[in-house]
Amino acid sequence: MSSDTQPVALEANQPRQFYRGGAAIAAFRSRDDADAGPEDWVGSTTAQFGKDEAGLTRLPDGRWLRDAVAADPTSWLGAAHAAEFGADTALLVKLLDAGQRLPVHCHPSDAFASAHLGCRHGKTEAWIVIGTSGPDPTVYLGFRDDVPAAVAAGWVSTQDSAAMLDALNPVKVSPGDTVFVPAGVPHAIGEGVFIVELQQPTDFSVTLEWQGFLADPEAGHLGLGYDKALECLERRAQSPADLVRRTRALTGRSVGMFDARADPFFRADRLHVSGSAALEPSFGVFVVLEGAGTLGPVAVHRGSTVVVPHAAGEVEVTGDVVAIRCRPPSVPRS
Ligand SMILES: O=P(O)(O)OC[C@H]1O[C@](O)(CO)[C@@H](O)[C@@H]1O
């Protein structure tokens, strides 16, 4: 068996989604397929909920990344990660271009997913805003006030979109802003917001606001029924200032994107390289935001996405490059 020891440039991977968007992905990647879909799953070993293959990344040699990692987890992920997670990368990265506001939804925690969905991962996620368009790029994040369970259930059963949206904190965003979205916290990404999204490697969502988005309510509760599914909803008020960071002005060599609350789930930093920099060995998913150069043997430029196996060792980045480096949690988990 030959092991995978080099960074690999990835093509776009856009599984079908129920909402509009994708022009920003096409522009970012210099492609002319603005209608290919609003999400690009990068370095994905996760399939869409209930599907076998949609969502998985195919390597240029034709293998699914999932199969390549399963065949040699130590080369891809490193011995320490493989000892904790086996062949599970513990990471899902997406480009997401909201061409319309997404529905109000939330995601289960690890405890909920393990109790009811047979999976060790829930879906805590975080967003790095890399572009905006339109007059009012906004995200909606967490309830403004505590919401009783019966009130939330009532909104879902009557599909009161206006009440659900009005109950959330609106936050205006611009490029460089990051948003941490703990499991359970209800949210909706607004029209015109283009992000790099990091999340736990699942596609578990509870869609409170299904009408106008999903074909029917059955698609919104993970097969659990809304009574059970809504138990994962964080109904306590959230302070958005706690969850949002403005990082645009930070231009250090490696700028951390999130605070320590994200550490058990994923890591991301924005690399600003001018000349060259050697990166420590790690599995990583890279999204190049600006400039041009090389990442190991791979030529990169704005819009490039690259998956790097741990066995690539100390990869060198050269050129004038700004890139987001996404990594799984460090192990042992903090
Ligand atoms: O399918 P859902 O649960 O409505 O989620 C749509 C999208 O919203 C996100 O959770 C972002 O909020 C994406 O990861 C997901 O693909």
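In each ligand, atom 1 is the first atom listed, and ligand 1 is the first ligand listed.
Near I189, meaning under 4.0 Å from one of its heavy atoms, ligand 1 places the atoms 11 (C), 12 (O). The contact set between ligand 1 and H187, taken as ligand atoms under 4.0 Å from a residue heavy atom, comprises 12 (O). Near T207, the atoms of ligand 1 lying under 4.0 angstrom from a non-hydrogen atom of the residue are 3 (O), 4 (O). When each atom of ligand 1 is checked for a heavy atom of S205 under 4.0 Å away, the hits are 2 (P), 3 (O), 5 (O). With ligand atoms numbered from 1 in the order given, ligand 1 contributes 14 (O) to contacts under 4.0 Å with heavy atoms of Q199. Using a 4.0 Å cut-off to heavy atoms of H107, the atoms of ligand 1 that qualify are 10 (O). Using a 4.0 Å cut-off to heavy atoms of Q17, the atoms of ligand 1 that qualify are 16 (O).
When L295, I324, V300, V298 are each tested for a side-chain contact (heavy atoms from CB on, under 4.5 Å) with F286, only one passes: L295.
Ion pairing between R236 and E234 holds under the 4.0 Å rule for side-chain N and carboxylate O. With salt bridges taken as basic N to acidic carboxylate O contacts below 4.0 Å, none links D259 and R245.
At a heavy-atom cutoff of 4.0 Å, ligand 1 is contacted by no atom of L214, backbone or side chain.
Checking only distances, Y19 never comes within under 3.5 Å of ligand 1, N or O to N or O. Close N/O approach between D203 and ligand 1 is not found [any backbone or side-chain N/O within under 3.5 Å]. Looking at ligand 1, you won't find any N or O of W127 less than 3.5 Å from one of its N or O atoms.
Taking both residues in full, the closest heavy atoms of A47 and W41 are given as C-CZ3, 4.1 Å, listed atom of the first, atom of the second, then distance. Heavy atoms only, all atoms of each residue included: N13 and G55 are closest at ND2-O, 3.0 Å. Pairing each heavy atom of L289 with each of I130, the nearest pair is CD2-CG2, 3.8 Å.
Ligand 1 lies out of reach of F213, whose nearest heavy atom is not under 4.0 Å from it.
Closest heavy-atom approach to atom 11 (C) of ligand 1 among the candidates K123, E209, E197: E197.
At least one donor-acceptor pair under 3.5 Å links the side chain of H187 to the backbone N or O of V185.
Residues passing the salt bridge (charged side-chain N to carboxylate O under 4.0 Å, His left out) test with R58, sequence neighbours excluded: none.
Under a hydrophobic clustering in which Ile, Leu, Val, Met, Phe, Trp and Tyr are joined whenever their side-chain heavy atoms come within less than 4.5 Å, directly or via other members, M164 and V171 fall into the same cluster.
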